[in-house]
There are 2 protein chains.
Amino acid sequence: MTKKQALLKAAESKVRQGGYSNFSFRELATDVGIKSASVHYHFPTKADLGAELARQYTETFLGALGDPEVLVSEGKDPIDTYVDLFRQALIKDEKMCLCGLLGAETDCLPDKVRAETKQFFERNLAWLERAHKLHKKVDQKEAQLLAIKTVSLLEGAMMISKAIDNNDLFNQAVALA
Amino acid sequence: MTKKQALLKAAESKVRQGGYSNFSFRELATDVGIKSASVHYHFPTKADLGAELARQYTETFLGALGDPEVLVSEGKDPIDTYVDLFRQALIKDEKMCLCGLLGAETDCLPDKVRAETKQFFERNLAWLERAHKLHKKVDQKEAQLLAIKTVSLLEGAMMISKAIDNNDLFNQAVALA
DNA sequence: GTCTATAATTTGATAGAC
DNA sequence: GTCTATCAAATTATAGAC
């Protein structure tokens, strides 16, 4: 892994625990074994690092989801795949969704970080809309509503499971019926 | 309003925008017209202020909800009342739920702030459980599930509406069917 | 209750050598 | 790419006067 990727990885862990303000160039530098001045070589400003972090997180997340068309053609329910990815983020990493935390503090983010955070949700909604249309055969408008409800429920369930410190809550929140 | 209440009010606004790290004693002091050292007279440490903030927010929130039994006896759906309180927080204040934001960054909070944040959700779940049992006449276990789903959906819908900067999303997320 | 003064630490960022 | 050195600003907190 390149130093740049190691810096982003260290930053992701910290932001997913305490938000945008919960990492400093000095801490990241120590984590990867360089000095804070060197971090500025890879990322001119903190906002640059934050924006790149959100951008890569979005890419990785959507990449892990795959194409809803392909999932359906394999006989899978794409919504189950979506829920499982959130579950994994919470249970395995024991952390919030990066963009969930950033989204909540959107008013205080640098412009470019806020823009990337917004993109995460726009692309997630687009993915879910397609998934719902394919799987449940609902119309456009209904698929849109279901997409909004799905991502809202999942982000909220993550947040509350963290707050109460009980992952069972997540599973109960996302259980059918 | 006492200076102490004014300080808490100023802190609430800041935390609901950017989280626990988004207020400093100096800023609060300036907002209410005193010096930062004087803030320590009212709140020994930042954690003390944060804990008191979350505690009062919880009290005010549950106080505004009222008793679900009374609401039902007046012919109201207590869940509608609950949704409306969240809607008001988002639309009128243009801010996240205080404890939603704090809950998301729970891992990095001082112990006493984390504890008060947890209480907010425990008491909200208890309120919703009673409300669902009264209104929909479901059994205990089902009411518990509905409570978890309700608060998850609302907190998540707030977060995403903030992130995408479109309050219509909130209304779509919480719309029935 | 509020002030001045100050301490100790952390932060984001830059200049310039290697 | 990474370093040393440094800066200006901000932060939480305390001591002690009024």
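Below, read A as the first sequence line, B as the second, and so on, with proteins coming before strands; counting in each chain starts at 1. Just so it is clear, the model here is predicted, and its values are computed rather than measured.
- The side chain of A:Lys35 lies closest to D:dT4 when the candidates are C:dG12, D:dT4, D:dA13.
- Minimum atom distance to the side chain of B:His40 is reached by D:dT14, of the listed C:dT11, D:dT14, D:dT2.
- With DNA chain D read from its 5' end, the first of the two nearest nucleotides for A:Lys3 and B:Arg26 is the one closest to A:Lys3.
- In this structure, the nucleotide among C:dT11, D:dC3, D:dT12 sitting nearest to the side chain of A:Ser24 is C:dT11.
- Comparing A:Pro44 and B:Tyr41 against DNA chain C, the residue whose closest nucleotide sits nearer the 5' end is B:Tyr41.
- Rounded to whole Å, atom C1' of C:dA13 lies 12 Å from atom CG of A:Asp48.
- Side chain of B:Lys92 to backbone of B:Arg87: no donor-acceptor contact under 3.5 angstrom is found.
- To the nearest angstrom, P of C:dA5 lies 21 Å from CZ of B:Phe25.
- Using a 4.0 Å heavy-atom cutoff across all strands shown, A:Phe23 reaches sugar-phosphate atoms only and no base atom.
- A:Phe43 has its CZ atom 12 Å from the P atom of D:dT2, to the nearest Å.
- Here A:Lys46 reaches the OP1 or OP2 of C:dG12: one of its side-chain N or O atoms lies under 4.0 Å away.
- Using a 4.0 Å cut-off between charged side-chain N and carboxylate O, A:Asp107 and B:Arg16 make no salt bridge.
- For the pair A:Lys46 and A:Phe23, the cation-pi criterion (under 6.0 Å, within 45° of the ring axis) is fulfilled.
- Screening A:Lys9, A:Glu116, A:Gln5 for a side chain to side chain donor-acceptor pair (under 3.5 Å) involving A:Gln56 leaves a single residue, A:Gln5.
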Steps toward side chain to side chain donor-acceptor pair (under 3.5 Å) verdict (A:His42, A:Thr2): CA-CA 11 Å; A:His42 300 284; A:Thr2 66; over 6 Å; no
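- Of the side-chain N and O atoms in B:Ser38, one or more sit less than 4.0 angstrom from OP1 or OP2 of C:dC3.
- Put simply, NZ on A:Lys4 is 16 Å from C1' on D:dT2, counting in whole angstrom units.
- The CG-C1' distance, from A:Leu7 to D:dG1, rounds to 12 Å in whole Å.
- Checking D:dA13, D:dT2, C:dT4 against the side-chain heavy atoms of B:Ala37 singles out C:dT4 as nearest.
- What separates CG of B:Leu49 from P of D:dT11 is a distance of 14 Å, to the nearest Å.
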